[in-house]
**Student:** 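First, the structure itself, so that you have it in front of you.
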Amino acid sequence: MTDEHELVKIRKEKLKKIREQGIDPYALHFKRTHSSKSVHECAKKVSVGEVLEDLEVAVIGRIITVREHGKSCFANIRDDSGDIQIYVKSNAVGEKAYDLFKLIDIGDFIGVKGKIFKTRTGENTILVSKLSVFSKSLQTLPEKWSGLKDIELKYRRRYVDLIANKDIKPLFKLRSHIIGSMRKFLEGKKFLEVETPMMQQIPGGAMAKPFVTHHNTLDMDLYLRIAPELYLKRLIVGGFEKIYEINRNFRNEGISTRHNPEFTMLELYQAFADYEDLMRLTEEMFYTLAEECLCKTSLEYQGHNIELKKEWKRLSFVEAIKKYAKIDLESVSDKELKNSAKHLVPETRKMNSFREIADALFKRVVIPNLIEPTFIIDYPERMCPLAKKKRDNKNLTERFQPYICGIELGNAYSELNDPMEQKERFLDQIKDRKIGDEEAHLMDEDFITALEYGMPPTGGLGIGIDRLVMLFTNSPSVRDVILFPQLKPQK
RNA sequence: GGGUCGUUAGCUCAACUAGGCAGAGCAGCGGACUCUUAAUCCGUUGGUUGUGGGUUCGAUUCCCUCACGGCCUACCA
């Protein structure tokens, strides 16, 4: 407290003076009649210089700017609907209230009552007749036209970023709108939203390192889920035919412009559907979301103009590697693959499993070329332990991943529903794990048991919501679309 | 994890190239001003230059350490 900033001290002094007038500066006893937006609507019928006589409005908001003129003052207050100008005049509001107003700073919440008028310059304004304080701000807001630029502060104090930078709130409103539209789209197709465990005894459904936590009473470790997949499939076994979950996954991996340790994912499962059905569903979902949220079927991302309402390109994983890396995965041995790969992607030297090397090649050499909406399909069987083998080629699986502008947006399969084959695949994964592939799958016996009860043929689709929002908001970093991205503590 | 760039007043930025009293705008404070809107005008407070070392007569500036962050890269989605 002793090294408190001078600016905070001054504001606390003002706070004290307000309290000395018998006013509680944090209480709410105010009936709002209008938002600033609705004031603007009422003001449409007022002409320049005129006052709307037969209406008194009560508006509450945060002071954003102030322009003093002796015994009168213009200020702008902001609520969730926008900004409105107020005009506080000593002889209109009374001298006592005007003295109170002098104790008000930019950042404070105030309530005003008064009539609407249009100034000489045509600005809709509330001529204040009564004024009250509802929250005294002790911190100074960032400078009014540069806003908050410091990226670290924007993330650490997102609340300030939201106040100071006008484009931040609309972005997160759009994110919310996208997720809402996604739910609406899925409800329209009769999908049922379900919730499955975030804390799992065996983390499964994806290739990633999990976060570990501990339950004290049960005295056992639990893992924050890396994916909901295996539980959602259990529900398909249980008889649900169309289900989805929109929720957080947690992966204990690196942080980058495309990765946050916790991220939001849509996963949906549809019985009696295959990956062909889901590709059509994906196309429809993307352009429907664009229509609803962007009011068009195209989007601009980092200089690329992308039309969504069309049949997306399809390229098989093997063709893609052949096209961009000039390696034929179907004919090379593991040893040959390792040899050819190390020239293109030196990092593969350290890798041993087929999955890791093929994955590395794909990410480094293929993905940057996938700008137009593209489904990469038919991945080699050894890369996808949960996917069903392709009906006419048993070395491949019925899997696809949607890509736009080099962003991997999801993952989908015709799900493997043969319990014995699933068990074999898990055993193969355990072999990969033994040669150093830490992300290879673990055995989940209960999941095998579930499959033994019989899972209908099912299509499953996962969509990374944060990345989808990046794309829809033209954001270069996933941190720009996550309100509170993960950072190290300060100091 | 590796590479690279950055960190100066509450906020936005100068000063660093080639070491020589750390500056401006906004915000704040005092004053003038009853239709302004980046209000204007006059005056003014505010700094351990991210941290800790080193070189030097002298370091915001050069060198090193550490912390935090951006970008690239790796793991991953």
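Naming: A, B, ... by sequence-line order, numbering from 1 per chain.
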**Student:** As an exercise, state the distance from OH of Tyr223(A) to CD1 of Ile202(A), rounded to the nearest 0.5 Å.
**Tutor:** 9.0 Å

**Student:** Among C71(B), C75(B), G28(B), which nucleotide sits nearest the side chain of Glu253(A)?
**Tutor:** C75(B)

**Student:** Ignoring the backbone of Lys209(A), work out which of G28(B), C75(B), A77(B) is nearest its side chain.
**Tutor:** C75(B)

**Student:** For residues 159-167 of chain A, which residues have at least one heavy atom under 4.0 Å from RNA chain B?
**Tutor:** none

**Student:** For the side chain of Gln85(A) and the base of U36(B), is some donor closer than 3.5 Å to an acceptor across the two?
**Tutor:** yes

**Student:** Given G28(B), A77(B), C26(B), identify the nucleotide with an atom nearest to the side chain of Asp105(A).
**Tutor:** G28(B)

**Student:** Going by atom types only, do Arg67(A) and Thr65(A) share a side-chain donor-acceptor pair under 3.5 Å?
**Tutor:** yes

**Student:** Let me see the working for Tyr269(A) and Glu415(A) under side-chain contact (heavy atoms from CB on, under 4.5 Å), right down to the final yes or no.
**Tutor:** CA-CA 9 Å; Tyr269(A) 289 83; Glu415(A) 302 294 342; 3.2 Å; yes

**Student:** From U73(B), A27(B), C68(B), pick the nucleotide closest to the side chain of Arg364(A)?
**Tutor:** U73(B)

**Student:** Would one find a side-chain N or O of Lys144(A) under 4.0 angstrom from OP1 or OP2 of A27(B)?
**Tutor:** yes

**Student:** Quick one: is Thr257(A) getting a side-chain N or O under 4.0 Å of the C72(B) phosphate, OP1 or OP2?
**Tutor:** yes

**Student:** Out of C29(B), A39(B), C26(B), which nucleotide sits closest to the side chain of Ile10(A)?
**Tutor:** C29(B)

**Student:** Between C35(B), C33(B), C68(B), which nucleotide has the shortest distance from any of its atoms to the side chain of Lys488(A)?
**Tutor:** C68(B)

**Student:** Please determine, for the side chain of Ser256(A), which listed nucleotide (A74(B), G69(B), U12(B)) has the closest atom?
**Tutor:** A74(B)

**Student:** OP1, OP2 of C29(B) versus side-chain N and O of Lys9(A): anything below 4.0 Å?
**Tutor:** no

**Student:** For a quick check, tell me whether the side chain of Ser90(A) and the base of U34(B) share a donor-acceptor pair closer than 3.5 Å.
**Tutor:** no

**Student:** Would you mind checking if Asp444(A) and Lys233(A) are paired as a salt bridge, meaning a charged N to carboxylate O distance below 4.0 Å?
**Tutor:** no

**Student:** Checking salt bridge (Lys or Arg N to Asp or Glu O under 4.0 Å) against Lys154(A), which of Asp161(A), Asp167(A), Asp480(A) comes through?
**Tutor:** Asp161(A)

**Student:** What do the steps show when you test Glu41(A) against Ser38(A) for side-chain hydrogen bond (donor to acceptor under 3.5 Å, both in side chains), and what is the final call?
**Tutor:** CA-CA 5 Å; Glu41(A) 271 153 26; Ser38(A) 61; 5.8 Å; no

